[in-house]
Amino acid sequence: MCSGGYIENTYSSKKDKKNLIFFIVVNEFCERFSYYGMRAVLVLYFKYFLKWDDDFATTIYHTFVALCYLTPILGAIVADSWLGKFKTIVYLSIVYALGQVVMAVSAIHDITDANRDGTPDNMGFHIALSMVGLLLIALGTGGIKPCVAAFGGDQFADDQEKQRSTFFSIFYLSINAGSLLSTIITPMLRAQECGIHSQQKCYPLAFGVPAALMVVALIVFIIGSGMYNKTAPQGNILVKVCKCIGRRYSCQYSLCPICSLRNMTQWLNPAHLVLQKLLIAQVKMVLKVLFLYIPLPMFWALFDQQGSRWTLQATTMDGNFGALVIQPDQMQTVNPILILILVPIMDSVIYPLISKCKLNFTPLKRMTVGMFFAALAFVAAALVQMQIDKTLPTFPSSTEGQVKFLNVVNRTLDVQAGTNEFTLEPYTANNDYLTFDQTFDLNLGPGISYPISLQDGNRSTRVIIQDGDVPRTLFFNDMKSKPEDGANAIRFFNSYNSTVNITVGKLDYEAIVYNNMSVYANVPQGNAHFKIVNDAGVECIYSQELGFGSSYTLLILPNFTFGEYCHQGIKQVLDIEPNTFHMAWQIPQYFLMTAGEVVFSVTGLEFSYSQAPSNMKSVLQAGWLLTVAVGNIIVLIVAEAAKLPDQWAEYILFASLLVLVCIIFAIMAYFYTYTDPAKIEAEFSRNEPEDKKRKSLEMSRKDSLEQSKERRESSDSSSDEDECKQTKI
């Protein structure tokens, strides 16, 4: 049947339903892969490509997530009031795919890398493209979020409840499958090296594959267009509820006589009496649940930091699991894996066991426990952070500098730097960096002294070389932070009296002349093979096992020789210790957070639906998504306002806030009275015949009164005419 351009198709065969399920489920799988894949690497893209610090990267990340959960309200209103679900999904999917493409283009460093050094020359261009892409993605993913599941449900008739249930099971399975696979695959793509002029981490591929999947999702969804049941927009219930509340209370407290009269007429009009009473009862039930939602954003404030703070935490840990090496952003896969494990355990084991123990474990009590689990997860994260901090080097503040001394003179030197005295054997360096906040004198022997001034906030190495009869120093900048993304920063100093060329994989150090230092190259974890070649083309292969996050200066000694034993002519100088605290220690905090999510989120949705009127479940769904958005905004406020010097202290702060909110929620839950919306609506249905009878009697009485009035007016009119005639005479 065609109505206003909307076609309702009735497909009852199993084959047709399978086709419908295929198109919609594949669309959802691709869309979720696209979203979670892009989001998995987003905070690392901010930090390592756009060069933002941890706090600003976290701020923009949570701003983006908040937008993704605010726009579903807009999408629902557009779909239900104007375009319909099908057109809304198609149009916003185009916006979504365009945003993903823009993000992929923004990550191509060669676009503005004129000098081909691997770093974009116009970072503002890349930032602007990134922000445009994220805005389009937030509008697209949020806009279609409330439409796809509802559109799938529209494909089934009222008597096909079993088929609809099967569809939703497959639908939500596709969501988890897309999320799980994307958080495994996309970090692997990001870890690849790619580029036209220089090889860098392949963020264009990490964003490009989700963009391609979004295009596939759109094409698959459009292909099934002819088989869909497309219902016409019938108005958004959220808008109706807001209008009802606004009109009711604005008129109730208005002093305007016209408004008061209109309000009275509307409420007393028998034709609308039952409808208004039912609508008000439904709105009251919804507001009662929405009031309980007020403390919930604090849970999401902690939960969504898995993709920001916890991922950044993983970059300072050891991800070597033996046969498997885990990237920092791949640790997020622990969450969907644990969900697939814990959901059936909770439903089949934990909840029945609690029920057998005669404990009244109501939905609101479950949600309280879930919030407490999330707080414990952040306590665990704080404990992990304390252990990580013990392994991290102390970098200089903005008012001081740090220096290390490397002796490449073939004799022992007694060194005095300021008040620090130590001895350097040939081709060795002092173990720790020395910190100075002002100029100091460097003494290398009797009568050999140099004033040394360090740049504030920087680390450097002073290489001591022989210059004629006296030693002197060469200055080189060092790493002033942990190497990016768990890589290892490796450089060479050439004290061999010949120019050498060094490569490792696709990285080229280029020519290193005598008594000079190469640039740093980020070498991934594993057994690195460095190829050293002289001007004559003679090669040496030097191998070194690397962990995560270390920094080395490899010193090519003066007695270096090419051949089988060339490795004996190379000496390691450790600048930054590798990550030693293992990434497996994050699993307990992920377990606690996922257990909290299962108990809190699944139960919360179930509770909301059980307490919502039949036609207002979408209102509560919008309210639930809004709590996620507000939770991410809370992260911005707390992270920016607190400005705590230690990350573990911030974790404790969030845990404390959630415990406080948990107590408030428990008190609110204690005074909450559960209702049965179906029974309340049924009572109104039973009262409707009586109201109709009353309406009929009142209408009859009204008609008789109007007829009497008309007869009276007619009699008065005749009397007036006679009187008028007599006056004229």
Side-chain angles (χ1 to χ4, degrees), residues 237-238 241-242 244-246 248-249 252-253 277-303 346-347 350-378 595-631 633-634 638 654-684:
I237 189 65
L238 179 61
V241 170
C242 294
C244 172
I245 296 173
R248 173 70 178 92
Y249 289 102
Q252 179 178 354
Y253 299 111
K277 284 183 177 179
L278 176 58
L279 183 60
I280 288 177
Q282 291 171 330
V283 170
K284 285 181 178 178
M285 286 186 279
V286 167
L287 292 177
K288 189 178 178 183
V289 178
L290 289 177
F291 178 72
L292 278 178
Y293 281 2
I294 293 175
L296 303 190
M298 199 65 220
F299 173 87
W300 299 113
L302 276 68
F303 178 82
M346 289 289 184
D347 289 338
I350 304 298
Y351 293 154
L353 186 62
I354 293 175
S355 179
K356 285 185 178 180
C357 294
K358 306 298 183 183
L359 296 175
N360 186 22
F361 200 39
T362 62
L364 293 179
K365 289 180 180 178
R366 294 183 193 179
M367 294 173 67
T368 306
V369 171
M371 297 169 78
F372 185 70
F373 274 141
L376 288 179
F378 262 60
E597 178 191 7
V598 171
V599 177
F600 175 88
S601 183
V602 176
T603 305
L605 287 171
E606 177 188 344
F607 164 78
S608 300
Y609 273 69
S610 69
Q611 298 297 292
S614 58
N615 64 334
M616 293 192 182
K617 298 186 186 297
S618 61
V619 177
L620 288 185
Q621 177 68 15
W624 184 265
L625 295 175
L626 188 62
T627 64
V628 182
V630 176
I633 294 172
I634 290 174
V638 174
F654 275 107
S656 303
L657 289 174
L658 185 56
V659 169
L660 177 62
V661 169
C662 184
I663 294 172
I664 295 172
F665 181 76
I667 296 172
M668 294 170 64
Y670 178 79
F671 291 101
Y672 181 83
T673 304
Y674 290 85
T675 59
D676 188 348
K679 286 185 178 180
I680 296 174
E681 291 172 345
E683 289 179 5
F684 280 97

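Owing to the predicted nature of the structure, the values given are computational and were not obtained by experimental measurement. FYI, the numbering just counts along the sequence from 1.
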What are the two closest non-hydrogen atoms of T673 and K288, and how far apart are they? O-NZ, 2.6 Å
As a quick check of understanding, evaluate ring-ring contact (aromatic ring centres under 6.0 Å, His included) for Y672 and Y670, giving each step before the final call. CA-CA 6 Å; Y672 181 83; Y670 178 79; over 10 Å; no
Going by heavy atoms in the side chains, are P363 and Y674 under 4.5 Å from each other? yes
Which heavy atom of A666 sits nearest a heavy atom of T368, and at what distance? CB-CG2, 4.0 Å
State, with a plain yes or no, whether a side-chain heavy atom of F665 is found less than 4.5 Å away from one of L364. yes
By the side chain to side chain donor-acceptor pair (under 3.5 Å) test, which pairs, at least two apart or in different chains, include something from residues 290-300? Y293-S608, W300-T627
Mind listing the closest non-hydrogen atom pair of L302 and A374 along with its distance? CD2-O, 3.8 Å
Do you know the tightest heavy-atom contact between A655 and A375? CB-O, 3.5 Å
Within this structure, what is the CE-CG distance for the pair M285 and L290, rounded to the nearest 0.5 Å? 12.5 Å
Atom OG1 in T675, atom CD in Q611: separation rounded to 0.5 Å? 4.0 Å
Interatomic spacing from CG in L660 to CE in M371 - rounded to 0.5 Å: 10.0 Å
Taking the side chain as C-beta and beyond, is there a heavy-atom pair between M367 and L296 under 4.5 Å? yes
With a 6.0 Å cut-off (strictly less than), is the heavy-atom count around CZ of F607, excluding the residue itself, greater than 12? yes
Working to the nearest 0.5 angstrom, can you tell me the gap between E597 CD and F303 CZ? 3.5 Å
Determine yes or no for a side-chain-to-main-chain donor-acceptor pair under 3.5 angstrom, with T603 supplying the side chain and V599 the backbone. yes
How long is the straight-line distance from CD1 of I354 back to NZ of K365, given to the nearest 0.5 Å? 11.0 Å
Between CE of M298 and CD1 of I634, what distance do you get to the nearest 0.5 Å? 5.5 Å
Dump the intermediate steps for side-chain contact (heavy atoms from CB on, under 4.5 Å) on L658 and F372, then the final yes or no. CA-CA 8 Å; L658 185 56; F372 185 70; over 6 Å; no
What residues, two or more places apart in sequence or in another chain, satisfy side-chain hydrogen bond (donor to acceptor under 3.5 Å, both in side chains) together with S601? none
